[in-house]
Amino acid sequence: QTGPLRTGVDATFAPHAMVKLGGGLQGFNIDLGEELARRLGRKIEIEGTEFSGLVPGLNAKKYDFVLAPVTATPERAKAMLFTEGYLDTDYTFVIKKGGTAIKGLEELKGKTISVNKGSAYEMWAHDNAAKYGFKYDVYGNNADAVQAVQSGRADANLAGSTVAAWAAKQNPAVQTTYTVKTGLVWALAFRLDDKAGRDAAGNALKCMKQDGTLGKIAQKWFGYTPAPDATVVKAGVGQGVPGLDGYDATPVTPKCS
Amino acid sequence: MEQFVFTFFNAEIAGRYWQDILRGMGVTVLLSLAVIAAGLLLGLLLAVLRATGQRAATLAVVAFADIMRSLPPLIVIIVLFFAFPYVDLAMSSFTATWLALTLVLAAYAEESIWAGILALPRGQSEAARSTGLSWIQAMAWVVLPQALRMAVPPLTNRVISITKNTALGSVVALSEILNTAQAASSNAGNPTPLMLGAAAYLVIFIPVVLFARWLETRWRWKR
Amino acid sequence: MSSAPILEIVGLHKSYEDNTVLRGIDLRVRAGQLVCVIGPSGSGKSTMLRCCNRLEEPSAGQIVVDGIDIMHARTNLNEVRQKIGMVFQQFNLYPHMTALGNVMLALKKVQGHSHAEAEKRARRALEQVGLLEKAGSYPSQLSGGQQQRVGIARGIALEPKVMLFDEPTSALDPELVGSVLQVMRELRESGMTMLVVTHEMAFARAAADRVVFMDGGVIVEEGPPEQVFGDPQQARTKAFVSRYAAQH
Amino acid sequence: MSSAPILEIVGLHKSYEDNTVLRGIDLRVRAGQLVCVIGPSGSGKSTMLRCCNRLEEPSAGQIVVDGIDIMHARTNLNEVRQKIGMVFQQFNLYPHMTALGNVMLALKKVQGHSHAEAEKRARRALEQVGLLEKAGSYPSQLSGGQQQRVGIARGIALEPKVMLFDEPTSALDPELVGSVLQVMRELRESGMTMLVVTHEMAFARAAADRVVFMDGGVIVEEGPPEQVFGDPQQARTKAFVSRYAAQH
Amino acid sequence: MEALLQNFFNLQVYREVLPFLLGGLWTTVWLSLLVIPIGIVSGLALALLATQSGSRMLRIAVAVYVDFFRSFPPLVLLILIYFGAPFLGVDLPKLVAVAIGFMFNNSSYFAEVFRAGIESIPRGQMEAARSTGLSRMQALAYVVVPQATRNALPDLVGNCIEVIKLTTIASVVALPELLRVARDAQSLVYNPSPIVLAALLYLILLWPLVRWLSRLEHRNRALH
Ligand SMILES: Nc1ncnc2c1ncn2[C@@H]1O[C@H](COP(=O)(O)OP(=O)(O)OP(=O)(O)O)[C@@H](O)[C@H]1O
Ligand SMILES: Nc1ncnc2c1ncn2[C@@H]1O[C@H](COP(=O)(O)OP(=O)(O)OP(=O)(O)O)[C@@H](O)[C@H]1O
Ligand SMILES: [Mg+2]
Ligand SMILES: [Mg+2]
């Protein structure tokens, strides 16, 4: 295969994927995609598009894989083939600047949480709303969900820690607070029948973790040094996300050039 | 082909999400009815207001109609929903979507009904006034019934296209069909729920267009 | 002679912006009379008629109907208009109502009659114009002549003091003219006061008590039909009348 | 006598579903003749006329125009229709074109004349109806009589063998009728063959070579005007003619 | 109030994102220039089928088509076409997919507008044209359709405005039109000011059209 890798992101997902006002895209996942392509010896074309268009585009072979951050979940694993995770996805609450900090999930009782449509946080909220007694609203993109907090429509916004940190940095009216450890990861998604492609990308990811490239990219965009056992620096054993459909437990020794 | 079916018409995924879509359908139906009723009524009122010929009224109505027809409804919804809380006018996502679409539909309805009023021969209202009917009576019994009939075909197009915009409520957290379908399709990693959503739209709107066609033929009286 | 004027127009002027259409009209119509107004196109006939129930706002002058000054600020126009029936050239029937509905509307909404009473009166009026059997038809299902007769019924049902007709037959096929003129003749016999703008010279000549010839916004000549048609005093009248005679 | 028939109708029948409108019409119009068709409303006059250029599809019968059987399957209708001009009651001018444009359209698109040539011919036709100075006006800027004259010009510009007129003056204000009838008289003098459905009895009487009286879908009587009007042979003709006489 | 200005009328953000948004505006404009003519032409064709065809079946087929596509959500339609076609062995370029999707959706609306326009032309117009020897197609082209278009002009313009607003759905196939770039910018700066700026740009783009539309409606009054 020689042509460029084709993929897409939803460019409303800072700091993972976002536009440059001068043109083009930027963000953690953009750097990740470019590094990946380099290692696979291919060029890459990244399109900014709607999230709704990504999975159909993958299945229609418009895209070779989904570069946009996709949280690997059991439901999705039935429809797509994941590489191993490239980043932990913990969830962080965003509240109004100066609001009362959240110290535990029990404090969510009676509160309203805003989440981004179609995200893993929406799923989390869906699954936990009854348990902790909160309500949640689903917005078109995360900026809207944060805006909802700011204009008092929601008590807190729930988003990936990286995203939450970005929002708090950009928008002085909000701040981050409690973080939920989820044990979930972000992974690249391939078509179910494209095991070869998945494995090649998985192999490259392992190399990027081992030589610290991925960790550097994370530091560049998120501004922290990852812990040694973090997914972003620690390569997995097999191919895919353990415990999910499509996981291939056969141990892999990465071939890095 | 098999792949096509797996992707767009996946029975297993449809089975998992159809109830959600159905719930979204309830919201869409309710919202649509509210928008159609309020939008047409407001449009009618504005057209009548404009028919009074008062300069100020005309100006206000025209400005309203112009702006509402120029702005994409999504933007109106976002502003209503996110900006109005700052001036202590918070409204639910349902209310914001309803209000935005109502205003847009009212703008179009006003223009269509007004065009209908203008198209009526002046003799109609003169005949009515000459038998002693007051202005408002002539409006109610003679002018509007005819103007409304003339406005049906252009209004049908607008009613459908604007009511389909209920989908825009998704940006402000309204769980109508499209929002539910998009969320489901993203969760499932498969666009089948979107197709379910499209089917739901057809179920809702085909009766609307058929009703409009029926109205049009029923009300088409020879001139 | 006979009775007092039921319609009296004094010094009526009407201008549209810079265009003066009526330049001082004086006219009295006595109860029970049929007065025909003739004159070339654009002479202001319609305008004068329409001023009589203030469909057109006069610029100056006085109009008194049955003793009521309709130009007075305190006059309730909607009330006065019931006393002045009007029949239009283009019929102006309400296309969305049946013949009966057309006649009943003002009976119910203006005079406040019950549905039953209004229907009774409407049917009586339709009978007077010979259209009772068409009560349930919509205007589009009626011939022009029938439509115009419904228009007349709509006017007379309110039992007006005076009926105004603006070229009631000129939009009709020649064959249909007769029935409308016939109804007008019968109305006259029943004692209705009528002011009729018309191009039907034969009718004016045969049925009118008085003929008024207008030109250029003034009344040039008026008198009994034999005089206006047979022996016009004014040159303009003469020219107009002879042009018509030549054509028919 | 004189010339051969330029329009020949034989055994023409026409039904709409269960409603038979024409029940066997036989009619021959010789070149240069003006034939008027009269008859009560609904008698099938318009239908017959419209069959002559197949705007209406005849149910049975033969129609020959200038030697060409227009019912024949191989006849090119668009070609034949140029030979048969038609003038409508409602004028049917194209409102989006000037008078000149109305006349030029078929000259250019059907007869394929160059713009310049088409304009020359159109102007000649407009001149014939006395409207050259209105060439640049739109229909809405013309009076009814002027509009109808443009309608006539549109027909004659194609130099047809025969012109059909369907009540060409009945939608006109009485004052405007004269000019249209005048144009028709002049056309006649220039040798045009004309078949005219009309309610203008005076015109039929004065200008027609032959008058045809239709009733109930058949030709009841035909002959020279003096005979049909002065001494009708059939009871139905008599009744019809006398009704008209009474009204005018 | 301060917060309102900060969030919705942030001049600094406006300045920052304006060039970026202008790029989106340009996309919106040329997308519209692409899809509107397609919609008008195909809508007119459908309307002619619906009004001129002697075949009842054909007329019903057109009505079914029109009603179906007026009811079908255009976003889903576009997804189905762009991402569905490859499964049938055709890989449609974006622009082709957008053109087809809008053709289905627009033509149904335009067809209704033209149908109303054509039906408003008295039958006598066609008859007069045919009686001078014009063929049916010629009569339609020179006499009926020009008048129908003029009668329907206000609705045509109204529809065009709706189509311009609808081009926002093209973002699903990665064509970044105005609203989409505004959303992107909003996500970048976490401030909704770009949305308000986009609203202003839409207003500047569409308001002249809307004004023209009203003028048309007034002119039509003069015709009556
Ligand atoms: N609304 C108006 N604005 C300006 N001028 C008007 C208006 N209505 C009528 N006129 C002018 O007033 C004059 C008289 O019009 P009017 O209709 O009274 O004449 P008429 O005698 O009834 O003519 P006709 O026999 O053609 O009906 C005409 O010159 C006309 O152009
Ligand atoms: N399209 C149609 N379908 C059914 N019946 C029709 C149709 N057109 C005409 N008719 C009927 O055919 C009969 C003759 O109509 P036609 O128009 O030829 O009469 P006419 O002699 O021209 O009458 P008029 O003097 O009123 O114009 C009428 O009874 C009419 O109802
Ligand atoms: Mg008049
Ligand atoms: Mg006829």
Side-chain angles (χ1 to χ4, degrees), chain B residues 1-8 62 65-67 69-76 78-79 82-83 85-87 108 111-112 114-115 118-121 153-154 156-158 160-162 164-165 167 171 177-178 181-182 191 194-195 197-198 201-210 213 216 220, chain E residues 1-5 7-8 63 66-68 70-77 79-80 83-84 86-88 108-109 112-113 115-116 119 152 154-155 158-159 161-162 164-166 168 178-179 182-183 192 195-196 198-199 202-207 209-211 213-214 217-218 220-221 223-224:
Chain B
M1 194 62 211
E2 212 173 285
Q3 265 300 308
F4 179 76
V5 171
F6 173 84
T7 303
F8 289 101
V62 169
D66 274 14
I67 292 175
R69 288 185 299 167
S70 301
L71 289 178
L74 178 64
I75 291 184
V76 182
I78 291 179
V79 169
F82 288 118
Y86 289 97
V87 289
Y108 277 105
E111 288 295 317
S112 294
W114 175 241
L118 287 184
L120 265 202
T156 310
N157 267 354
R158 287 291 87 79
I160 298 166
S161 67
I162 289 167
K164 273 203 280 183
N165 282 336
V171 286
I177 295 176
L178 201 66
Q182 281 182 326
L194 283 178
M195 300 302 133
Y201 272 102
L202 289 178
V203 170
I204 294 177
F205 285 108
I206 295 256
V208 176
V209 285
L210 290 182
R213 272 191 198 283
E216 207 182 315
R220 184 182 296 147
Chain E
M1 202 59 215
E2 176 66 25
L4 185 69
L5 290 181
N7 272 289
F8 291 89
V66 165
D67 285 353
F68 181 84
R70 283 198 297 175
S71 305
F72 202 90
L75 175 72
V76 181
L77 181 63
I79 291 178
L80 198 55
F83 299 114
F87 292 100
L88 309 177
S108 63
Y109 284 92
E112 281 298 282
V113 172
R115 182 178 65 84
E119 283 175 355
D155 281 324
N159 245 6
I161 294 171
E162 283 292 293
I164 296 173
K165 293 197 237 167
L166 191 66
T168 54
L178 177 54
L179 192 61
R183 301 285 278 163
I195 302 287
V196 177
Y202 272 109
L203 216 55
I204 292 169
L205 176 67
L206 294 181
W207 191 64
L209 278 180
V210 167
R211 267 299 77 219
L213 175 61
S214 296
E217 277 163 357
H218 279 249
N220 263 24
R221 165 174 60 160
L223 295 176
H224 282 281

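Reminder, nothing fancy here: chain letters follow the sequence lines and each chain counts from 1.
Contact of B/F8 with chain E is made through the side chain alone, with heavy-atom distances under 4.5 Å. Contact of E/I79 with chain B is made through backbone and side chain together, with heavy-atom distances under 4.5 Å. Proximity to chain B (any heavy atom under 4.5 Å) is shown, for E/A182, by neither the backbone nor the side chain. Contact of E/Y109 with chain B is made through backbone and side chain together, with heavy-atom distances under 4.5 Å. Only the side chain of B/L74 comes within contact range of chain E, judged by heavy atoms closer than 4.5 Å. Looking at B/L178, the atoms closer than 4.5 Å to chain E (heavy atoms on both sides) all sit in the side chain, from C-beta outward. Heavy-atom distances place no part of E/L77 under 4.5 Å from chain B, backbone and side chain included.
What you find for E/S71 and B/V209 is that their closest heavy atoms are OG-CG2, 4.0 Å. A pairwise comparison of heavy atoms in B/P73 and E/K165 identifies CD-CD, 4.1 Å as the closest pair. A pairwise comparison of heavy atoms in E/P73 and B/A198 identifies CG-CA, 3.8 Å as the closest pair. Nearest heavy-atom pair across E/V76 and B/L194 is CG1-O, 3.7 Å. Across every non-hydrogen atom of E/G158 and B/R158, the tightest pair is C-NH1, 3.9 Å. Nearest heavy atoms, B/R69 versus E/L213: NH1-CD2, 3.1 Å.
In this structure, E/F72 CZ and B/I206 CD1 are separated by 10.5 Å, a value rounded to the nearest 0.5 Å. To the nearest 0.5 angstrom, E/L203 atom CG is 9.0 Å from B/D66 atom CG. With rounding to the nearest 0.5 Å, the separation of OG1 in E/T168 from CD1 in B/I75 is 9.5 Å. Within the model, atoms CD1 of B/I160 and CG of E/D67 stand 7.0 Å from one another, a figure rounded to the nearest 0.5 Å. Here E/D155 contributes atom CG and B/E111 contributes atom CD; the two are 11.0 Å apart, rounded to the nearest 0.5 Å.
Annotation: maximal heavy-atom pairing with chain E below 4.5 Å, among B/A83, B/A167, B/P121, B/A181, occurs at B/A83. Between chain B and the options E/N159, E/L178, E/V196, the largest number of non-hydrogen pairs under 4.5 Å is found for E/N159. The greatest number of non-hydrogen atom pairs below 4.5 Å with chain B, out of E/I161, E/L80, E/V66, is found for E/L80. Counting heavy-atom pairs closer than 4.5 Å to chain E, the top-ranked of the candidates B/I204, B/I67, B/L202 is B/L202.
By the 4.5 Å heavy-atom criterion applied to side chains, B/K164 and E/L166 are not counted as neighbours.
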